[in-house]
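Notes for the one structure printed next.
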Amino acid sequence: MARHLITSALPYINGIKHLGNMVGSMLPADVYSRYLRQRGHDVLYICATDEHGTPAELAAKEQGLPVAEFCAQAHDAQKAVYDGFALAFDYFGRSSSPENREITQHFARKLNENGFIEERAIRQVYSPADGRFLPDRYVEGTCPHCGYDKARGDQCENCTRVLDPTDLINPRSAISGSTDLEVRETKHLFLLQSKLQHEVEAWVARHEADWPQLASSIARKWLNEGLHDRAITRDLDWGVPVPADTWPELAAEGKVFYVWFDAPIEYIGATKEWADQDPENRDWKSWWYEADDTVRYTEFMAKDNVPFHTVMFPATELGVREPWKKVDYVKAFNWLTYYGGKFSTSQKRGVFTDQALDILPADYWRYFLIANAPESDDSSFTWEHFTATVNKDLADTLGNFVNRVLSFSKKRFGEEAPAGGEPGEAEARLGEQIAELLAEYESQMEALQFRKAAAALRALWSAGNSYLEEKAPWLEIKTDKEAAALTLRTAMNLIHLYAVVSEPFIPATAKTMREAFSLAGDTAAWVSRDEAKALASVPAGTPFTVPPVLFAKLTDEDLETYKERFGGEEG
């Protein structure tokens, strides 16, 4: 089986993430990782908190904490939420780790040796009120392209255009709010992306046909506009320091690397963190170095992260002139909106992941988000849509099926799967249908088409309900007890199949369904086509229990409560 390296965009350290962040990177990466593991592949799913840069310093300042202490606490708080969502990272690291510092500095030295880093004097915004040069994100103002009045000095989060602080209209300090800003000269390191343009173009050309249109179009747009040399150092107290053995003057001035230089390198750094926990049994380099023919690397991210991962980081990897693994497939997502308006961490608009878990268990959110993933276009979260999806798909189609089958069988046949007669024409048709639907589900999962995969999974659940309605064991039992027993045992086999194949989407519920049956040695990782057709994994005589209600139906009162708490108006 193949070796799959999977990374999701690093969640930034300054606060708990909202549902849009979850569905745009970490959750689909987890679903895909779980699926691949079930199919027998060797999978390494790596993520980490992105801890450097100006927002970390600003957030720490706001809380009155040293930035290192703030980041350590915020990392643990985020990790607790991701554990609550059952994200099965192989390792969840920190970009402030010694491993990332070591590898980032190695990359910088190699780029310098190869002529792709240059020290330049530039004119930079200085704030007399703050007594310091202001890094790009410390400058806020109005975007000259779209008019958004809260644009940052590195990028406008509204139109995603890359900016320089001097581009902003009516700029102000993000620290003090002072508009008394000056432009003074200082020195920084620049990554000479212009010298790597043709290499990056050739690399993108070899891959873009396989990527989603969203990813390839964003990469191509950046390349068509031309790669510009980019400053990769900042005037901050927190970050990967410029190595003194290579740039002593800048190191003495306290320069650190730009967060978008070191953050992608943390994918490698976090893998080394993982390996350093068990160095005798884990080899981090086999995943990253000279691994083009042995590892398939898939990245998950929202569209605002795409240019950095399809252009800037590949340029960095190409420039070091070493055989580091580059991404094979970029799964990019559009935005999940909240009633048509943007989710926003800074403006606290929308539902945040910790709040979501306070309301309902993770599987409710996991299923809804993946079933409505913003793949081909933006998608909107509304409480009405969420409530309807939970009630129809989870409570009625899946949960009610499980409860009806097991409760009725227990009532009429006791606490063991009944035997019944031999499967007939209806069971044969059902087996063929389940095998076909399972093949469709597998196909969509392997193509990373998550909404279509969710639709196929939903169709599998619906097939069980259709079979149950057709056979009507509550009527069969009045005239043919053996026929009713066969129907219920077949339905129990469907429940077990659902438990296995639903695990990537709803792992806690899948575990509950599977544990309803006392099957000795039940280690099935997946269901083959022949097993799907036979529906015989739960033999007669298997003890079972009726689990608690899998999914509670949400009421109109629940809906109104959610809307009152979080708002429910068009953005």
Side-chain angles (χ1 to χ4, degrees), residues 9-18 20-21 50-65 67 70-71 74 122-186 188 228 230-239 254-263 302-305 307-308 312 335 338 341-350 352 571:
L10 309 186
Y12 199 69
I13 196 66
N14 64 332
I16 300 299
K17 305 298 109 178
H18 54 66
N21 296 127
D50 180 5
E51 300 188 7
H52 294 139
T54 54
E57 288 194 355
L58 291 171
K61 182 175 181 292
E62 184 178 330
Q63 293 194 16
L65 293 172
V67 65
F70 166 79
C71 287
I122 65 168
R123 294 176 64 75
Q124 186 176 338
V125 175
Y126 184 87
S127 170
D130 299 306
R132 61 181 294 176
F133 284 101
L134 298 181
D136 43 17
R137 285 198 175 198
Y138 274 52
V139 186
E140 296 178 344
T142 300
C143 175
H145 302 288
C146 71
Y148 181 60
D149 65 358
K150 295 183 177 63
R152 303 185 306 257
D154 64 336
Q155 187 178 24
C156 175
E157 69 171 12
N158 186 58
C159 69
T160 74
R161 292 289 290 267
V162 175
L163 302 170
D164 287 318
T166 52
D167 295 333
L168 294 173
I169 300 168
N170 299 323
R172 60 188 178 274
S173 167
I175 303 172
S176 62
S178 173
T179 57
D180 178 22
L181 305 180
E182 302 174 2
V183 178
R184 299 184 182 181
E185 186 173 280
T186 185
H188 282 285
H228 302 288
R230 189 174 184 93
I232 57 166
T233 51
R234 296 291 188 269
D235 295 281
L236 293 170
D237 298 325
W238 177 247
K255 307 284 188 185
V256 301
F257 285 109
Y258 173 43
V259 63
W260 265 115
F261 182 72
D262 83 85
K303 59 187 175 184
D304 56 330
N305 287 327
F308 298 100
M312 185 173 176
W335 303 125
Y338 185 76
K342 289 187 68 175
F343 277 84
S344 173
T345 300
S346 58
Q347 298 177 35
K348 300 189 184 305
R349 173 180 169 79
F352 287 74

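- Separating the CZ atom in Arg234 from the CZ atom in Phe257 is a distance of 12.0 Å, to the nearest 0.5 Å.
- When every heavy atom of Asp180 is checked against every heavy atom of Ser178, the shortest pair comes out as N-OG, 3.1 Å.
- Side chains of Phe261 and Arg230 form no contact here, defined as non-hydrogen atoms less than 4.5 Å apart.
- Note that SG of Cys71 and CD1 of Ile13 are 5.0 Å apart. Values are rounded to the nearest 0.5 Å.
- Looking at Pro128 and Glu182, their side chains come closer than 4.5 Å, going by heavy atoms from C-beta outward.
- Ring planes of Trp260 and Phe308: parallel class, angle under 30° (limits at 30 and 60°).
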Quiz item: Do His228 and Val162 pass the side chain to side chain contact (heavy atoms under 4.5 Å, CB included) test, and can you show the C-alpha distance, the side-chain angles, and the key distance before you say yes or no?
Solution: CA-CA 11 Å; His228 302 288; Val162 175; over 6 Å; no

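- Distance alone, capped at 3.5 Å, places no donor-acceptor pair between the Lys303 side chain and the Thr160 backbone.
- Pairing each heavy atom of Ser127 with each of Asp130, the nearest pair is OG-OD2, 2.8 Å.
- Minimum heavy-atom separation, Ile232 to Met312: CG2-CE, 4.3 Å.
- Ion pairing between Asp154 and Arg152 holds under the 4.0 Å rule for side-chain N and carboxylate O.
- With values rounded to the nearest 0.5 angstrom, Arg132 atom CZ is found 4.5 Å from Ile175 atom CD1.
- Residue Leu163 comes nearest to Pro144 through the heavy atom pair CD2-CD, 4.1 Å, listed as atom of the first residue, atom of the second, then distance.
- Nearest heavy atom pair, residue His145 against residue Cys159, reads CB-SG, 4.3 Å.
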Practice problem: List the steps, then state whether side chain to side chain contact (heavy atoms under 4.5 Å, CB included) holds for Asp136 with Tyr258. | Solution: CA-CA 10 Å; Asp136 43 17; Tyr258 173 43; 4.0 Å; yes

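- Atom NZ of residue Lys17 and atom OH of residue Tyr12 lie 9.0 Å apart, to the nearest 0.5 angstrom.
- Here the OG1 atom belonging to Thr179 is positioned 13.0 Å from the CD atom belonging to Glu140, to the nearest 0.5 angstrom.
- A distance of 11.5 Å separates SG of Cys156 from NZ of Lys150, quoted to the nearest 0.5 Å.
- For residues 50-60, the set of pairs meeting the side-chain hydrogen bond (donor to acceptor under 3.5 Å, both in side chains) definition, not counting sequence neighbours, comprises Thr49-Glu51, Glu51-Arg94, Glu51-Ser96, His52-Asp262, Glu57-Tyr138.
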Practice problem: Tell me, with the steps shown, if Tyr338 and His18 meet side chain to side chain contact (heavy atoms under 4.5 Å, CB included). | Solution: CA-CA 10 Å; Tyr338 185 76; His18 54 66; over 6 Å; no

Self-check item: Test log, rule side chain to side chain contact (heavy atoms under 4.5 Å, CB included), inputs Val139 and Leu168
Solution: CA-CA 8 Å; Val139 186; Leu168 294 173; 3.9 Å; yes

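- At a cut-off of 3.5 Å, with distance as the only test, no side-chain donor of Gln155 or Asp304 sits close to an acceptor on the other residue.
- With 3.5 Å as the limit, one finds no donor-acceptor pair spanning the side chains of Asn170 and Thr142.
- In plain terms, the two heavy atoms of Pro135 and Asp235 that are nearest each other are CG-O, 3.3 Å.
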